[in-house]
Amino acid sequence: MRQVIRPIKGTRDFYPEDMAIHQWLEGAIQQTSRSFGYEAWDGPFLESLELYAAKSGEELVMEQAFCFKDRGGDLITLRPELTPTLARMVAQKQQQLVMPLRWYSFGPFWRYERPQRGRTREFYQWNIDMVDVSGPAADAELIAVCAAFFRNVGLQPEMVKIRVNDRQLMNQQLDALNILPEKHGQVFKLIDRKPKMDAVDWEKFVIDSGFSREQSQGLLGLLHNTELWTESPHLSEVLGILNAMGVSDYIVYDSAVIRGLDYYTGVVFEAVDVSGGRAILGGGHYDNLVSDVGGTPMAGVGFAMGDVMIKIVLGDYGLLPSPAVLNNAVLVCVFDEATISDAFSLGSTLRANGINTVVYPEPAKLVKQFKYADRKNINTVVLRGPDEIANGQLTIKNLGTREQTAYPFAEGISEIKKLLA
RNA sequence: GUGGCUGUAGCUCAACGGCAGAGCGCUGCACUGUGGAUGCAGUUGUUGUGGGUUCAAAUCCCAUCAGCCACCCCA
């Protein structure tokens, strides 16, 4: 094997067929976001380390951020997440922005993690937030956006579920178990870990962490209670609105959903692949978006979805579009040196008529040019060789049906337009 | 950061101390103005990299790099 300089670990090359899929995904994200009135925005890919030190967890900043000194000696970070940037940009214009904000973004992020399936060091993420709202309808809308996206890309409710919970509800329930508020964070971590342990080990783990057997049993009871949501008026209303929006097929109440992030304070949710996969996206309600970067506290709700896992899930369900990169184009064949300028002239004419046109770049055997069209998923071939030039004609061949017809030049142009319409 | 599995032709893999192979693909021809099918012919290698053991290493050992899997973490 030849020696080729390796790409950076954890990065991906986007060849045209990968890019076609990537752009298709981005299109679905844009369409879904806009259909709910969300506006596109973005921030810089480079931010100061300080911005993340203000809020994000220790591990994220200290171990997972790509961090380096610029030439002036300042600590710079390739953004590992978008929320601090959102907070910064909202705080900067807090008085001028029209609230509530509905903003979405799709762009690259970097985390220095060990790559594995569904996780790379450079990835794209869809972030979408509604800011300066705190009612159940806002929580419901963001969850409905997830469901609408799944519907748009063909993921059915049997394939993916959105698991929903409310941290406030859980806090109340933990209070009722006489678990002190300062211990709640620790309990949430225990709950997060439960799916990865068997029941006996988990109970031992809970007790070893300083909780009583009664509290451990109480926690188990909570985690198995699928009707716990009825105790929360807020969550009941969220689920009611989701029902009214016609997306409850996708929704499951699950008291084990907590989300690792400290800044979620209310409703939390995550979408999972039913056939045993990882989380596809996660989000929730937060109460103080901007106070850490110097603004006045502002509530909101949002979620983030990485491109890597969703592409895997879509691929597993056969829902990715076929990689027909140029399939909406025609190919103009080139016969010989004498007529090559006729071919390129025809190309210009076709483009002037709004037709994506590929002109073969040199004279070659037609066999070769037809094979090229096949492999490029081009279904229509236009021939203007010596015979057609002499007769003022165009020959159009449909590669799918093998049918071929010669038309007078102008009529041929409009025929091609019709074919691609 | 910790542990495990795997690196052989463009791709998928075989060979598991003794001549590095198959299928698919690709190129050409049958077919010099007509593609996918078919037939025939041809093509492909520092066995990831570096070292060690051995008469002999793709094969065994060590290191390293990369990919995958689990842990960790999931903003």
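Hydrogens, waters and symmetry mates play no part in the numbers below; they use all other heavy atoms, side chains included.
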> Taking the six-membered ring for Trp, are A:Phe45 and A:Trp110 parallel (under 30°), tilted (30 to 60°) or perpendicular (over 60°)?
Replying inline: tilted

Identify the pairs formed between an N or O of the protein and an N or O of nucleotides 64-66 of chain B at a distance under 3.5 Å, and give each distance.
unit_1	atom_1	unit_2	atom_2	d
B:C65	O2'	A:Arg6	NE	3.4

> Is any side-chain N of the basic residue among A:Arg12 and A:Asp307 closer than 4.0 Å to the acidic one's carboxylate O?
Replying inline: yes

> What's the shortest heavy-atom distance between A:His184 and A:Ile179, and which atoms?
Replying inline: NE2-O, 3.1 Å

> Of A:Val382, A:Ile396, A:Thr349, which meets side chain to side chain contact (heavy atoms under 4.5 Å, CB included) against A:Ile413?
Replying inline: A:Thr349

> Where does the angle between the aromatic ring planes of A:Trp41 and A:Trp103 fall among parallel (under 30°), tilted (30 to 60°) and perpendicular (over 60°)?
Replying inline: tilted

>> Testing the 3.5 Å rule here: is there a donor-acceptor pair between the side chains of A:Tyr253 and A:Asn165?
In response: yes

>> Counting the atoms with a prime plus P, OP1 and OP2 as sugar-phosphate, which does A:Arg193 contact under 4.0 Å by heavy atoms, base, sugar-phosphate, or nothing?
In response: sugar-phosphate

> Among the nucleotides B:G33, B:C72, B:G36, which one has an atom lying closest to any side-chain atom of A:Arg119?
Replying inline: B:C72

>> Tell me whether A:Arg102 forms a cation-pi arrangement with A:Tyr38, defined as NZ or CZ under 6.0 Å from the six-membered ring centre and within 45 degrees of its axis.
In response: yes

> How is the base pairing of RNA chain B summarised as a dot-bracket string, given the Watson-Crick and G-U wobble criteria with both distances under 3.5 Å, [ ] for crossing and | for another strand?
Replying inline: (((((((..((((....[..))))((((((.......))))))....(((((..]....))))))))))))....

>> Taking B:G23 as the reference, what is the distance to B:C29 when you measure between their P atoms (whole Å, please)?
In response: 23 Å

> Mind checking whether A:Trp126 and A:Phe149 have parallel, tilted or perpendicular rings, split at 30° and 60°?
Replying inline: tilted

>> Quick check for you: among B:G4, B:G36, B:U34, whose closest atom lies nearest to any side-chain atom of A:Arg114?
In response: B:G4

>> Can you pull out the residues from residues 361-370 of chain A that lie within a 4.0 Å heavy-atom distance of RNA chain B?
In response: A:Lys365, A:Leu366, A:Val367, A:Phe370

> How far, in whole Å, is B:U47 from B:A9 if one measures between their C1' atoms?
Replying inline: 10 Å

> Out of B:C72, B:G33, B:G35, which has the shortest distance to the side chain of A:Leu383?
Replying inline: B:G33

>> Can you classify the ring geometry of A:Tyr250 versus A:Phe150 as parallel (below 30°), tilted (30 to 60°) or perpendicular (above 60°)?
In response: tilted

>> Checking salt bridge (Lys or Arg N to Asp or Glu O under 4.0 Å) between A:Glu113 and each of A:Lys9, A:Arg121, A:Arg119, which is the one that passes?
In response: A:Arg119

>> Measuring centre to centre across the rings, with the benzene-like ring taken for any Trp, is A:Tyr15 within less than 6.0 Å of A:His22?
In response: no

>> Counting the atoms with a prime plus P, OP1 and OP2 as sugar-phosphate, which does A:Arg375 contact under 4.0 Å by heavy atoms, base, sugar-phosphate, or nothing?
In response: sugar-phosphate

> Which nucleotide, B:G36, B:C73, B:C71, lies nearest any side-chain atom of A:Glu113?
Replying inline: B:C73

>> By the 4.0 Å heavy-atom rule, please label A:Leu82 as base, sugar-phosphate, or nothing.
In response: nothing

>> Between B:C74 and B:G36, how many Å separate the two C1' atoms, rounded to a whole number?
In response: 47 Å

> Reckon A:Glu403 touches a base, only the sugar-phosphate, or nothing at all at heavy-atom distances under 4.0 Å?
Replying inline: nothing

